[in-house]
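Encoded as structure tokens, the structure appears first; notes follow it.
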Amino acid sequence: MICEIYYKDSWHEPDAKIFSSTNRGIKYGDGFFESMTAFNNKICFLEDHFERIKKTASILEFDVEKAGLTKDLLNQTLSHFIKSNQLNACAVRVQFIRSYGSKYTPASMDCDFFIEFSDKTSSKFSAGLKLEKAGLYKEHLIQKNNTLSPLKTSNSLLYVLAKSYCIKNELNEVILFNNNLEIAELSSSNIYLDMGDKVLTPPLASGCLDGIIRRQLLKPEAKEHFNIQEFDIFESDLENAVAIYGSNTSMGIFCIQQIGHKTYTSGQSVALTEFINSKIS
């Protein structure tokens, strides 16, 4: 895999020693990140990504504007990475870290950021992606009605442990629940249950991530075409679903084939992917 990091006006290899032991992101998880995908030298849904960055920065009290991340800088560094490595697409991750503070106490809203670029092979989101087997994960629960839950913060231990559970139990994915035992999301994506006449997805109040693909699917055009509704979803609803989808900016749309003894169809996953791709062309 080709991977490079842009930090403080310089390019670095991914294993470069660019941070000290005083880094607040390492010591306290005092930071957040934004994951994006670029096709044809263009970041998909850039406006939504920047809106989410601003929203997260406001809640976590980070001065992102002072740090110097702009759309122009992001596009310039993206263009450099793609051209220098002769690529057509790549994954982009921006990591923000608070700059100062003693122990837990933040000294200011100042922050640093670095941009990580890694190669992708496709020129659009692939249709018909399937994950063979998913399970249920209740060992740790997402907090419902928590302002921090929908944010991509540097504290990702619940998701790390969920992925560890996948490995131990030979699963491709797991469904995460909140403290009201409502379905919130998958371990790496938002979740949608296709009930045949409508598609249900948990509201942000469930604790699910404010996903960028999710945002596109909840816009009026998509909601009218696919009848996607925000609704509280419980484990019992899995039995009545004909298809289960996941979405994130890395894979686009994918479907789950099996949970326990219940199997699911691919439903509208291809049509959903085609709709998302139509918005990035």
Neighbour count >12 (heavy atoms, 6.0 Å) for atom CZ, Phe231: no

Lys152 side chain reached by Ser35 side chain, heavy atoms, under 4.5 Å: yes

Residue Glu61 excluded, over 12 heavy atoms near CD under 6.0 Å: no

Point-to-point distance, once rounded to the nearest 0.5 Å, from OG of Ser189 to CG of Leu131: 8.0 Å

Whether over 12 other heavy atoms sit under 6.0 Å from Lys130 NZ: no

Partner of Ile213 under side chain to side chain contact (heavy atoms under 4.5 Å, CB included), chosen from Asp48, Leu218, Ile253, Asn190: Ile253

Asp237 and Ile183, any side-chain heavy atoms less than 4.5 Å apart: no

More than 12 heavy atoms of other groups within 6.0 Å of Lys54 NZ: no

Phe275-Val270 co-clustered via ILVMFWY side chain contacts under 4.5 Å: no

Atom OH of Tyr100: over 12 foreign heavy atoms under 6.0 Å: no

Residues which pass side chain to side chain donor-acceptor pair (under 3.5 Å) with Glu116, listed by chain and number, not counting sequence neighbours: none

Sub-4.5 Å side-chain heavy-atom contact between Val94 and Met36: yes

Sidechain-backbone polar pair: Asn169 side chain, Leu171 backbone, donor-acceptor under 3.5 Å: no

Expected output: side-chain Asn179 to main-chain Lys144 donor-acceptor under 3.5 Å: yes

Derivation and outcome, side-chain contact (heavy atoms from CB on, under 4.5 Å), residues Leu46 and Leu74: CA-CA 10 Å; Leu46 182 58; Leu74 199 54; 3.9 Å; yes

From CG (Asp110) to CG (Asp63), nearest 0.5 Å: 6.5 Å

Test item: Asp119 side-chain N/O and Ile2 main-chain N/O as donor-acceptor pair under 3.5 Å: yes

CA sep, side-chain torsions, deciding dist, call: Arg215, Glu47, salt bridge (Lys or Arg N to Asp or Glu O under 4.0 Å): CA-CA 12 Å; Arg215 287 188 177 200; Glu47 294 298 327; over 6 Å; no

Heavy-atom side-chain proximity of Leu69 to Ile53 below 4.5 angstrom: yes

Crowding at CD, Glu139 (>12 non-hydrogen neighbours, <6.0 Å): yes

N/O donor-acceptor pair under 3.5 Å between Ser164 side chain and Val160 backbone: no

Minimum side-chain heavy-atom gap Leu78-Phe117 below 4.5 Å: yes

Donor-acceptor contact present, side-chain Tyr245 to main-chain Gln268, <3.5 Å: yes

Under 3.5 Å donor-acceptor, Ser247 side chain and Gly252 backbone: no

CG on Leu158 to NE2 on His140, rounded to 0.5 Å: 7.0 Å

Within one Ile-Leu-Val-Met-Phe-Trp-Tyr cluster: Phe50 and Phe114, side-chain cutoff 4.5 Å: no

Leu148 and Asn155, any side-chain heavy atoms less than 4.5 Å apart: no

same_hphob_cluster(Phe125, Ile212) at 4.5 Å side-chain heavy-atom cutoff: yes

Among Cys208, Ser149, Ser206, the one residue meeting side chain to side chain contact (heavy atoms under 4.5 Å, CB included) with Ile142: Ser149

Heavy-atom donor-acceptor pair, Asn227 side chain to Asp197 backbone, under 3.5 Å: yes

Joint hydrophobic cluster, Ile191 plus Phe177, side-chain heavy atoms closer than 4.5 Å: yes

Pair Tyr192-Asp194, side-chain contact (heavy atoms from CB on, under 4.5 Å): steps then yes or no: CA-CA 6 Å; Tyr192 311 82; Asp194 191 331; over 6 Å; no

More than 12 heavy atoms of other groups within 6.0 Å of Lys120 NZ: yes

For Leu238 against Lys262, the heavy-atom pair lying closest together: O-CE, 3.9 Å

Close side-chain approach of Ser126 to Thr273, heavy-atom, < 4.5 Å: no

Test ring-ring contact (aromatic ring centres under 6.0 Å, His included) applied to Phe32 - qualifying residues, sequence neighbours left out: Phe62, Phe96

Donor-acceptor pair, side chain of Asn172 and main chain of Lys133, under 3.5 angstrom: yes

Within 6.0 angstrom of His80 NE2, more than 12 heavy atoms from elsewhere: yes

Arg24 side chain to Ser99 backbone, donor-acceptor under 3.5 Å: no

Side-chain heavy-atom pair Glu173, Ser188 within 4.5 angstrom cut-off: yes

Shared hydrophobic cluster for Val174 and Leu161 (ILVMFWY, side-chain gaps under 4.5 Å): yes

Glu185 side chain to Tyr159 side chain, donor-acceptor N/O pair below 3.5 angstrom: yes

Full working for ring pair (Phe, Tyr, Trp, His ring centres under 6.0 Å) between Tyr6 and Phe81: CA-CA 9 Å; Tyr6 179 84; Phe81 177 76; over 10 Å; no

Leu204 to Leu209 - nearest heavy-atom pair and separation: CD2-O, 4.0 Å

N/O donor-acceptor pair under 3.5 Å between Thr105 side chain and Gly101 backbone: no

